[in-house]
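Structure record follows, encoded as C-alpha cells.
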Amino acid sequence: MPAPLLEVRGLKTYFTLWGGVVKALDGIDLTLGVGEIMGIVGESGGGKSVTAFSIMRLIDPPGRIEAGKILFEGEDLLSKSEAEMRKMRGRAISMVFQDPMTALNPLHTIKDQIDEALRLHTGMNERERGERILSLLHEVGIPNPEERLSSYPHQFSGGMLQRVVIAIALAAGPRLIIADEPTTALDVTVQAQILSLMEATVRERGAALILITHDLAVAAGMADKIAVMYCGRVVEAGTADSVIRSPAHPYTRGLLNSMPSAAQTKGRLAQIPGVVPSLLDLPPGCAFAPRCELACDACGAGVPAMVQVEPGHEAACFALNGGGNI
Amino acid sequence: MTDELLLEVRNLTQYFERPVSWLERVFGGKQQKSRVVHAVNGVSFAVRRGEVFGLVGESGCGKSTTARTVVGLLPPKGGEILFASKDITGLSGAKLTPLRRKIQMVFQNPYASLDPRQRIEDILTEPILFHESVSRADARERAMALLDKIGLHRDQARRYPHQFSGGQRQRIAIARALATGPELVVADEPVSALDVSVQAQILNLMMDLKDEFDLSYLFIAHDLSVVRHVADRLAVMYLGFVVESGSSEEVFERPLHPYTVALLDAAPSLAKKSKSVPLTGDAPSPVNLPPGCPFASRCPKSRPECETERPTLREVSESSGRLLACHQQ
C-alpha cells in the first residue's frame, strides 16, 4: 500500500477560555490517500472546521494544538516552523472557505488575487502568470475570462465568486485541497455546479480533497471516504458507500434517519432526542450517550475506541464491541 | 383538509424602488434613473384550510417577499390578498390588528427574531395581552401551557433567549406565533438555520401542533426534501413568478417545468449518485426582467418564442389542479 498523503494521529486542539477548556478536537485520527476525496460530516460543534484549521496550522490563541501528529507526505506539519508552514499553505495544501463574499478582498481585482497566489508560490514571470490566470478562470467555468480580469468581487454572483476562490486554491497546483462548507452559502442549482466542478478539477489533477459539510447527501454524492464527527471526536469512518448504506454508529444512523427523504414522504421524521451538549460541559464517557437509545452503563464510564465493523469501516461505540449487530 | 380556501393570493405584485443616491447624482453618468427591483410579479396561489402549502425556490425568487406581503409587513403594490374570503389587501393600522392575530409568522433565524432583552414568559405573554383583554395572570398561565406544548420546562420561563440553543429558540418563536390563536402560520425557512437532527425535531413539532391547533401553514423553504416531507401542495417560484404548482406528490414525482426538473436534479440526495448536467449560469437580475419566460436564459429546452413571449400560468390537467407556466407543454 502506498504511503498516505495525509495522516492525522491523535490530534488534540483545545481552546482555553474563562469558563474552562473546550476540547474542540479530542484525539482524532484521519487517513487520506493520494487523490482521494474525503467527506467530513457532522453537525455544528462537531469539530469539522477546527480539523481543517488545525491541519493548516491556522489555530489562533486561545486555541492550541495540544498533542498529536499531522503527517503530510510523511512530514509532521506540527514540527514545522511558521515560515515553512507559510510555504506549504496555498502551495501544497490550499483551502476553499464557506463564504466566497468574505474570502476575497473586496479592494483587489480578481486578477490580482489569483496573481498573488501564483507570484508567491510559482516561479512564473508576469506573462506566464497572465496566461495561467486566464486558463484557470476558463477551467473553473467563468464565461469571458478576459473581460472579467479587472472586475472586483462585488461584481460577481456568489456562485461565480466561489469559482474564483477555487481558481485561487488550484493556482499553485496543491496536492491537498480542504474545502470548508464550500456550497453552504449557495443555492441548490449553483451548489450542483460548484460540486461537479470541484470533483472534476480535483480528479483531473489527482489532488486530494477534504470536503467538510453538514449535509450527508453532499458528501455521499462525491466522497470516496466519509468521517463522521461528534463533539470533537471521529465516531465513524469508512468508505462512503459503507457508511451511508450500513451506518454503524447510532449518531450516524440518527443523522441519516432525520433527513427527510423521498422514500418516506409523510409522517414523523425519526429524530435524535436532545441537543448537542456544550463542549464546556461534556458528559463523561461517550459524548453521544445522553442522546443514544443504546446507551448502557459502560457508555458513561469510558470513551469507546474505534472498532472495525467491516474492512475499511470503523466506528467508536461500545454496542459494537460484541463484534456483531446491535 | 377541506376545500375551503383560507388564504387566496391573486396576482400579487411587489417591487422595491432604489432611489438615486447623491453620489450617483454627482458622479454617476448612466445611473440617473431610480432602479426598480421586481421582487414578486403577479403571483397567485391559495392555501386551503388545514393544509400545508409550500413555496419553493432559490434565493431571490421572491418567496420571502411574498410571505412578508401576505402577513402585512409590506403593503402590496398590486393584486389581491383574501383571508377567509375577506379582502385584506393593503389593510393597515387598526384594521390590520385583528388579522395579525389570525395570521402569525415564524422567521428563519431564531437568533434574530426574539428580543434578547425579554424573558421567555414576556415574549409569550406580550402578544396575548396585546390582542386580548385578559389578566396578566391568565395570559401567563396560557404562556406556560404553550411551553408545555413545545417541550420546554415551565421553570425555564424566566430565562432569556441567549440561554437557549437554536432549536429551543425556534420552539419559542413557534410558541409566540401560536400565542394569539392563529389560523394561518406563515413559516419563512423555519428550519434552515438548524442542524439536521434539530431540524427533524422542529418539523415533527410543527406537524404535531398543526393537528392540535387546527393550523394551516404557508411553508417557505429552499430545501426541497423538507418541503416534500411537510407540504400537501406547493408552488415553485423563479424570479418572482410561479412557474409550476400542484400537489407536492405530483410535482415531485412528475415535475413538468424545466426549472423544477433542474431543481430536483440538483438537490443532493443519498440515494442517487447522479451525474446529470447541472444548470448553467445564474438567475437574471430582477431589475431588468427578461421580456419572455423568466427561465429562458438557462433553460435547456428554450425556443425562440420563450425569449419574447411570457408564458402564463395555466391548468395542465383539470383533475389534479396542476398549474404550469411553460411554452413547451
Side-chain angles (χ1 to χ4, degrees), chain A residues 41-46 141 143 156-160 183 185-197 199-200 213-222 240-241 244-245 251 254-278 291, chain B residues 56-61 151 164-168 191 193-205 207-208 221-232 238 248-249 252-253 259 262-283 285 298:
Chain A
V41 299
E43 298 178 284
S44 26
F156 287 83
S157 67
M160 283 296 144
T183 57
L186 307 174
D187 277 320
V188 224
T189 55
V190 181
Q191 163 169 297
Q193 293 170 11
I194 297 293
L195 289 177
S196 70
L197 168 73
E199 186 171 0
T213 173
H214 67 281
D215 191 339
L216 267 164
V218 166
M222 66 188 272
D241 275 352
I244 299 293
R245 293 247 174 74
Y251 177 62
L255 272 186
L256 285 166
N257 288 338
S258 55
M259 292 171 67
S261 74
Q264 166 239 12
T265 41
K266 283 280 131 60
R268 292 178 67 82
L269 288 163
Q271 61 186 44
I272 305 177
V275 292
V276 179
S278 156
R291 304 175 74 188
Chain B
V56 203
E58 298 180 279
S59 43
C61 75
F164 293 90
S165 70
Q168 288 173 320
V191 295
L194 307 173
D195 273 322
V196 204
S197 71
V198 182
Q199 185 174 317
Q201 293 174 2
I202 298 296
L203 288 176
N204 283 340
L205 173 72
M207 291 306 119
D208 292 345
H222 70 282
D223 186 335
L224 292 162
S225 53
V226 166
V227 175
R228 178 174 202 169
H229 187 80
V230 299
D232 300 303
Y238 187 79
S248 80
E249 213 181 304
F252 278 101
E253 291 299 326
Y259 176 64
L263 204 56
L264 289 175
D265 265 356
S269 107
L270 292 171
K272 61 162 197 247
K273 211 163 181 169
S274 91
K275 288 285 165 268
S276 56
V277 187
L279 275 187
T280 51
D282 292 302
S285 149
R298 301 171 78 192

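Chain naming here is simple, since letters A, B, ... match the order of the sequence lines and numbering starts at 1 in each.
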Distance-minimising heavy-atom pair for A/D187 and B/E58: CB-OE2, 2.9 Å
Under 4.5 Å from a heavy atom of chain A, the part of B/S59 involved: both
Which atoms of A/I272 approach chain B - backbone, side chain, both or neither, heavy atom under 4.5 Å: both
Atom group of B/D208 that falls short of 4.5 Å from chain A, counting heavy atoms: side chain
Chain B contact via A/P273 - side chain, backbone, both or neither, heavy atoms under 4.5 Å: backbone
A/Q191 CD to B/H222 NE2 distance, which is reported to the nearest 0.5 Å: 8.5 Å
Under 4.5 Å from any heavy atom of chain B - which part of A/Q193: both
Main-chain N/O of A/G274 paired with B/Q201 side-chain donor or acceptor, under 3.5 Å: yes
Under the side chain to side chain contact (heavy atoms under 4.5 Å, CB included) test, residues paired with B/A200 that sit two or more places apart: A/S258, A/L269, A/Q271
Minimum heavy-atom distance A/V188-B/A267, with the two atoms named: CG1-CA, 3.7 Å
Shortest non-hydrogen contact between B/V196 and A/E43, atoms and distance: N-OE2, 3.7 Å
